[in-house]
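To start, the structure under review is shown below, and the notes come after it.
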Amino acid sequence: MTFIASLVAGLIICTIDVVFFRKNNKISTTVFTMISDVAVSTLIALAVSDVYYKYSDGSSFFPLSSHPSYFPFIFFAVTLLSGFLWIFLSAAINGVLRCRPEDVKTKKSLALKITSIIFTTLGTAAFTGTIWGKETFGDLSPDQLVINLFTPKDGTSDDIMNTLWTGPVLKTVAVVIFASIFIFSTKELFYKHKNKEKRIFSSLAKKITSIVLSFALFVGGCAYGIARFELIKVMRMYVVDTPFIENNFVDPREVKLQFPEKKRNLIHIYLESMENSYASTDMGGYMEENLIKPLTDLAEEGISFSHREKGLGGPVSTPGCTWSVASMVNMNGGIPMKVPTGGNSYGSADNFMPGAIMLGDILESQGYRQTVMFGATARFGGLNFFYESHGNFKILDYDAVKANGWIPSDYKVWWGFEDDKLFEYAKDEIRILNATGKPFNFVMETADTHFPDGYVGKNTPTPRDNQYANVIAYSASEVAEFVRWIQEQPFYENTTIVLIGDHLSMDTKFFRDFDEEYLRTTFNLIINPAPELMNIPEERTQNRWWYNADMLPTILASIGVKIEGERLALGTNLFSDVPTLFEENGGEKGWKNISKKFEYKSDFYNDNILEGDNAPFDTKNVTEY
């Protein structure tokens with residue numbers, strides 16, 4: 001089909017060339033022109049396509065059979081465009097097409113040209129920005145896109161910003177420069193045929209063409225962005241209300257909680273983009289090699305919750321939970337992270353879900369000492385506001401580490417500093433927390449496995465051809481080594497460790513060849529939970545349909561807290577026999593329908609979660625046993 005598409009395009013080109021641009025009508029010359037036009041058009045199209053595939057995502061253009069069914073139509077268009085450029089260039093060289101200065105210059109003409117440039121710039125930026133966004137961030141959800149506009153982006157990885165400048169920015173500038181040459185040119189095009197010269201592209205025609213094409217580019221770019229990012233869903237977020245959250249919300253303030261008299265320590269490690277798909281196929285993953293063997297070995301010692309009958313599995317990905325900050329909100333608050341409304345913002349002090357009760361609020365009320373540690377700046381996404389207002393956490397991030405003099409003031413790799421350093425600093429901080437004699441809650445998030453391609457440090461082994469695979473494998477070994485260190489400490493007996501991937505990876509290139517039917521889930525493991533939980537029935541860990549919000553009551557249960565009704569906010573204690581919201585509504589068959597409800601506006605959420613006074617957790621319903 002691709003060959004036929006190329007041939008048809010070539011025939012169209014050569015027909016135009018022979019009829020309009022060639023002076024010699026001999027049969028032999030005509031045949032030669034047709035053959036050369038078809039060949040040159042096809043060769044240019046092949047070269048352009050090969051370069052595009054090589055430099056856009058590193059894939060190969062050949063063989064042609066590897067492309068999707070609609071590819072012949074794309075190649076037809078590329079061949080047609082290549083052919084037009086070829087015959088126009090040939091006509092100009094042979095003197096068939098000539099340019100002369102235009103006669104009329106007016107202020108209206110200048111305004112029209114500027115308008116064309118504006119439309120061209122916006123339209124091209126929409127196209128290139130959308131393509132870059134989908135290639136860089138994968139299935140970036142509409143809620144994430146909107147929320148990111150309202151939250152601080154300080155400390156974003158230089159690798160991501162570099163792809164922004166070399167991608168959409170550079171491409172947009174290049175298109176605008178070429179468009180400007182055409183739009184602001186002072187030439188009119190004349191056609192010479194049989195010793196007669198006719199004006200075929202006047203100043204007026206150029207103006208009309210410029211404004212029409214630039215406006216079409218603008219409309220097409222906006223439509224493409226709206227379709228690819230599913231921005232129609234944004235209307236649901238702001239306009240269409242659903243009572244789902246209100247009808248299922250269990251206010252943590254009204255639930256009876258029983259803490260053990262001797263409170264257990266908690267170490268909660270968010271594993272950046274750590275998926276079960278990185279395991280081997282026999283374990284429920286998608287790889288020939290088990291890239292996360294150190295973690296799967298650890299899983300033999302703890303409890304994980306899987307959507308499968310056998311093998312690794314985990315939570316399903318839902319709206320309001322597909323990036324790091326949102327994932328933390330889900331697991332700490334039992335609620336999705338929804339777009340801010342009115343004067344609400346996630347990027348200002350005392351305004352990060354001031355009406356919500358989070359895990360940090362509950363543990364602070366029980367005397368826990370709490371620290372959160374990042375290799376990036378906590379200002380990214382407003383995490384500093386989140387952890388300061390919900391648990392009064394001590395924040396040890398990239399900024400704090402520099403201020404403490406642990407790294408030079410000008411040190412910066414990846415998002416801040418690498419995980420090798422993060423784990424060493426974490427050991428020191430855990431020792432400090434334990435020395436207080438109080439129960440502690442230590443939270444940290446790794447970063448080396450962030451897209452694009454992960455960070456290769458000086459200690460990262462690179463035996464595989466794929467960089468991301470090497471980073472994943474090394475990160476898994478680092479985490480396991482850190483857990484082994486914890487297990488050797490005197491406080492471990494009374495400490496629960498929670499390991500969980502924060503969200504699915506956005507490294508689109510790594511998952512390009514995945515079967516769309518394969519359900520990707522994040523790794524989850526709870527090590528050394530409260531003793532009474534170690535012998536729960538196997539059916540409570542298998543065939544479970546759950547999401548990250550279920551971690552709020554599950555984590556509390558893992559440190560020995562008894563929860564009346566087994567539910568908090570929109571989460572369900574997975575250690576219990578109470579079904580989750582997804583399981584109540586169809587499980588495997590119904591979870592997608594329930595997930596969609598989080599896309600809609602919730603007046604209850606806006607009035608009770610996004611509004612509030614950051615009041616401390618009232619312990620009226622908390623007792624000990």
Handout entry: Aromatic ring pairing Phe482/Trp485, orientation class (parallel under 30°, perpendicular over 60°, tilted between)
Key = parallel
Problem - Any donor-acceptor N or O pair under 3.5 Å, side chains His307, Gln542 - result: no
Problem - Short side-chain donor-acceptor distance under 3.5 Å, Ser475 and Asp448 - result: no
Completion exercise
Output for pair (Asn459 CG, Asp420 CG), nearest 0.5 Å, gives 4.5 Å
Practice task
Name the orientation class of the two ring planes belonging to Tyr518 and Phe514 (parallel below 30°, tilted from 30 to 60°, perpendicular beyond 60°).
Solution key: perpendicular
Handout entry: Atom NZ of Lys592: over 12 foreign heavy atoms under 6.0 Å
Key = no
Exercise for the section: Would you please indicate yes or no on a ring centroid separation below 6.0 angstrom for Phe380 and Trp415? Expected result: yes
Practice task
Could you tell me whether the side chain of Thr377 and the main chain of Asp399 form a donor-acceptor pair under 3.5 Å?
Solution key: no
Handout entry: Expected output: side-chain Thr554 to main-chain Asp550 donor-acceptor under 3.5 Å
Key = yes
Exercise for the section: Quick one: sort the Phe417 and Tyr398 rings into parallel, tilted or perpendicular, breaks at 30° and 60°. Expected result: tilted
Practice task
Flag yes if more than 12 heavy atoms outside Lys293 fall under 6.0 Å of its NZ atom; otherwise flag no.
Solution key: no
Practice task
Please round to the nearest 0.5 Å and tell me the distance separating atom CG of Asp297 and atom CD1 of Ile292.
Solution key: 10.0 Å
Handout entry: Approximate separation, where rounding is to 0.5 Å, of Asp397 CG and Asn384 CG
Key = 8.0 Å
Exercise for the section: Answer yes or no: is there a donor N or O on one side and an acceptor on the other, between the side chain of Asn494 and the main chain of Lys263, under 3.5 Å? Expected result: yes
Fill in the blank from the handout: Taking every heavy atom of Asn524 against every heavy atom of Pro315, the minimum-distance pair comes out as ND2-CD, 4.3 Å
Practice task
Please check if the distance between the ring centroids of Phe352 and Phe385 is under 6.0 Å.
Solution key: no
Problem - Nearest-0.5 Å distance that lies between atom NZ in Lys438 and atom CD in Gln366 - result: 12.0 Å
Exercise for the section: Of all the heavy-atom pairs spanning Lys402 and Tyr411, show the shortest one and how long it is. Expected result: CD-O, 4.4 Å
Practice task
Over 60° means perpendicular and under 30° means parallel, so classify the ring planes of Phe305 and Trp546, tilted if in between.
Solution key: perpendicular
Handout entry: Expected output: side-chain Thr496 to main-chain Asn528 donor-acceptor under 3.5 Å
Key = yes
Completion exercise
Here the gap from Thr371 atom OG1 to Leu433 atom CG, rounded to the nearest 0.5 Å, amounts to 4.0 Å
Exercise for the section: Say whether Asn265 and Thr495, considering side chains only, have a donor N or O and an acceptor N or O under 3.5 Å apart. Expected result: yes
Handout entry: For the student: nearest non-hydrogen atoms of Thr460 and Tyr455, plus distance
Key = OG1-O, 4.2 Å
Problem - Row check, Tyr625 ring normal vs Lys562 NZ/CZ: under 6.0 Å, within 45° - result: yes
Exercise for the section: List the steps and the verdict of side chain to side chain donor-acceptor pair (under 3.5 Å) for Thr296 and Asn290. Expected result: CA-CA 9 Å; Thr296 56; Asn290 183 3; 3.1 Å; yes
